[in-house]
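What follows is one structure encoded as structure tokens, with my remarks underneath.
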There are 2 protein chains.
Amino acid sequence: MSTPFSSSKDWLSRLANHGYRLTEPRRVIVEIIAASDRALNPLEVFDLGRDACPGLGLVTVYRTLEKLEDLGLVQRVHQADGCHAYLRAANGHEHILLCNQCGQAVFFAGDDLTSLLERVARQSGFEIQEHWLQLHGLCARCRDSVR
Amino acid sequence: MSTPFSSSKDWLSRLANHGYRLTEPRRVIVEIIAASDRALNPLEVFDLGRDACPGLGLVTVYRTLEKLEDLGLVQRVHQADGCHAYLRAANGHEHILLCNQCGQAVFFAGDDLTSLLERVARQSGFEIQEHWLQLHGLCARCRDSVR
DNA sequence: CTATAATTGAAAACGATTTTCATTATCAGA
DNA sequence: TCTGATAATGAAAATCGTTTTCAATTATAG
Ligand SMILES: [Mn+2]
Ligand SMILES: [Mn+2]
Ligand SMILES: [Zn+2]
Ligand SMILES: [Zn+2]
């Protein structure tokens, strides 16, 4: 069970190693996503980003998120209302557990679906290449506050 | 393992029972989705629909899909490029297996995640309410044609 | 320090979806 | 079967999130 928090230092050096320049808007955006415990959409990143960098443009948020996704540092999260929110990417084979109330994201590992996948492959004739698994519920705090 | 095919008759009476009128555009749209073995986006439904109903409007496709979703007859399918395609809804506890090549959708049941869910709930402190599982691969036909 | 090219933000463009609105069609009731 | 109320339709306009364009700014190699 790992928190979504991540080191923004690492991400910045990854950007630099790939030939991207280190700019103030990028530092701010990377810091926001790395420090967030829930998925954020571009507008949310923009609003948070303007606190630290008043001139920030929404375009830059879109462009930076796209680069971070290409580098495998962030991932899109699929939710009931769409898939426009970003979270740090999984480390290895992890899946996400999301709080339906506050959005808090927690990563977990150790799922073993091999026997299910084998059975479904056999019965369907498909060659199974990937599995998407996502859990939804209430975090401890929200469960208490709801009742 | 069940095919996605469904009876459009049932859907039409469901619409009627909920006070909706049975119109030609609705009959056509319902028939297309119920007969499809893969998820279709609004524009695809529109293009297919115009063959049977030349005056059909794209707006009507959007409106009808929304109603079918509200009635629980169709569901949105999440894919790498977004979640704008519709497929018949699952019958009870089923999940979807999609072909990465041709889009063919197959429903499967019988996944048992209880021990995983219990472990993750215990370790995270969450109360888990739903799980979202989707498999991706190559159907028998596409596997053969790829090599 | 300088030159070059990447990056930026404002504005315009874009494309998917939604809203508005006048016309048409369904269907309950006469 | 006919009729009236009103639900549903499609064209056009509006909206909204996202992308493109472009001139100005800035990071970085040398
Ligand atoms: Mn897994
Ligand atoms: Mn299941
Ligand atoms: Zn919560
Ligand atoms: Zn296929």
Side-chain angles (χ1 to χ4, degrees), chain A residues 9 11-33 39-71 73-74 76-86, chain B residues 11-33 39-71 73-86:
Chain A
K9 298 288 179 195
W11 295 15
L12 292 172
S13 47
R14 270 292 262 299
L15 280 168
N17 291 340
H18 282 260
Y20 295 116
R21 293 180 178 177
L22 297 184
T23 67
E24 192 54 20
R26 283 180 183 163
R27 267 187 272 268
V28 167
I29 292 166
V30 159
E31 175 60 29
I32 286 168
I33 309 237
L40 300 172
N41 65 39
L43 199 59
E44 290 173 317
V45 174
F46 175 64
D47 286 336
L48 291 168
R50 286 176 80 110
D51 294 342
C53 183
L56 181 66
L58 180 55
V59 222
T60 301
V61 173
Y62 278 99
R63 289 190 278 225
T64 303
L65 290 174
E66 186 183 23
K67 285 186 175 59
L68 294 174
E69 192 178 14
D70 289 347
L71 292 180
L73 298 172
V74 306
R76 269 169 209 265
V77 173
H78 292 257
Q79 291 177 280
D81 60 324
C83 31
H84 307 286
Y86 292 81
Chain B
W11 295 15
L12 292 173
S13 47
R14 271 290 265 299
L15 279 167
N17 290 340
H18 282 259
Y20 295 116
R21 293 180 178 177
L22 297 184
T23 66
E24 192 53 20
R26 282 180 183 164
R27 268 187 271 268
V28 168
I29 292 165
V30 159
E31 175 59 30
I32 286 167
I33 308 239
L40 300 172
N41 64 42
L43 198 59
E44 289 173 317
V45 174
F46 175 65
D47 287 336
L48 292 168
R50 287 177 79 111
D51 296 341
C53 182
L56 181 66
L58 180 55
V59 220
T60 301
V61 174
Y62 276 99
R63 289 190 278 225
T64 302
L65 290 174
E66 186 183 23
K67 285 186 176 57
L68 294 174
E69 192 178 13
D70 289 347
L71 293 179
L73 298 173
V74 307
Q75 67 183 126
R76 269 170 209 263
V77 174
H78 293 256
Q79 292 177 282
D81 61 325
C83 28
H84 308 287
Y86 292 81

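Since the structure is predicted, the reported quantities are computational estimates derived from the model, not experimental observations.
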Inset, instruction - Find the distance B:Asp47:CG to C:dA16:P and express it as a whole number of Å. - result: 12 Å

Inset, instruction - Select from A:Cys53 and B:Glu24 the residue whose nearest nucleotide in DNA chain C is closer to the 5' end of that strand. - result: A:Cys53

Inset, instruction - Tell me, yes or no, whether the heavy-atom count around B:Arg50 atom CZ, taken from other residues, nucleotides or ligands under 6.0 Å, exceeds 12. - result: yes

Legend entry - D:dT9 phosphate, OP1 or OP2, under 4.0 Å from B:Arg26 side-chain N/O: yes

Inset, instruction - Output all residues satisfying side-chain hydrogen bond (donor to acceptor under 3.5 Å, both in side chains) with A:His84, sequence neighbours left out; order by chain, then residue number. - result: none

Inset, instruction - When you get a sec, tell me which of C:dT8, D:dT26, C:dA11 is the closest nucleotide to the side chain of A:Val59? - result: C:dA11

Inset, instruction - Search all heavy atoms of B:Glu24 against all heavy atoms of B:Cys53 and return the closest pair with its distance. - result: CG-SG, 4.4 Å

Inset, instruction - Identify, between A:Arg21 and B:Pro25, the residue whose nearest nucleotide on DNA chain D lies closer to the 5' end. - result: B:Pro25

Legend entry - Nucleotide C:dG15, atom C1' - distance to CG of B:Asn41 in whole Å: 13 Å

Inset, instruction - Please report, rounded to the nearest Å, how far the C1' atom of D:dA11 is from the CZ atom of B:Arg50. - result: 12 Å

Inset, instruction - For B:Leu43, answer base if it contacts any base atom (sugar-phosphate contacts may also be present), sugar-phosphate if it contacts only those atoms, and nothing otherwise; contact means non-hydrogen atoms under 4.0 Å. - result: nothing

Inset, instruction - Grab the OH-C1' distance between B:Tyr20 and C:dC27 for me, whole Å please. - result: 17 Å

Inset, instruction - Using a 4.5 Å cut-off on heavy atoms from C-beta on, say whether the side chain of B:Tyr86 contacts that of B:Leu68. - result: no

Inset, instruction - Quick one: closest heavy-atom pair of A:Arg21 and A:Arg26, and the distance? - result: O-NH1, 2.9 Å

Inset, instruction - Mind calculating the distance between CZ (B:Phe46) and P (D:dG10) to the nearest angstrom? - result: 9 Å

Inset, instruction - Select from A:Leu56 and B:Arg63 the residue whose nearest nucleotide in DNA chain C is closer to the 5' end of that strand. - result: A:Leu56

Legend entry - Any B:Thr60 side-chain N or O less than 4.0 Å from OP1/OP2 of D:dA8: no

Inset, instruction - For C:dA6, take OP1 and OP2 only and decide whether either is under 4.0 Å from a side-chain N or O of A:Thr23. - result: no

Inset, instruction - Rounded off to whole Å, could you give me the CG-to-P distance for the A:Leu40 and D:dG17 pair? - result: 16 Å

Inset, instruction - To the nearest Å, give me how far apart CG (A:Leu65) and C1' (D:dG17) are. - result: 14 Å

Legend entry - Gap between atoms CD and P, on A:Glu66 and D:dG17 respectively (whole Å): 19 Å

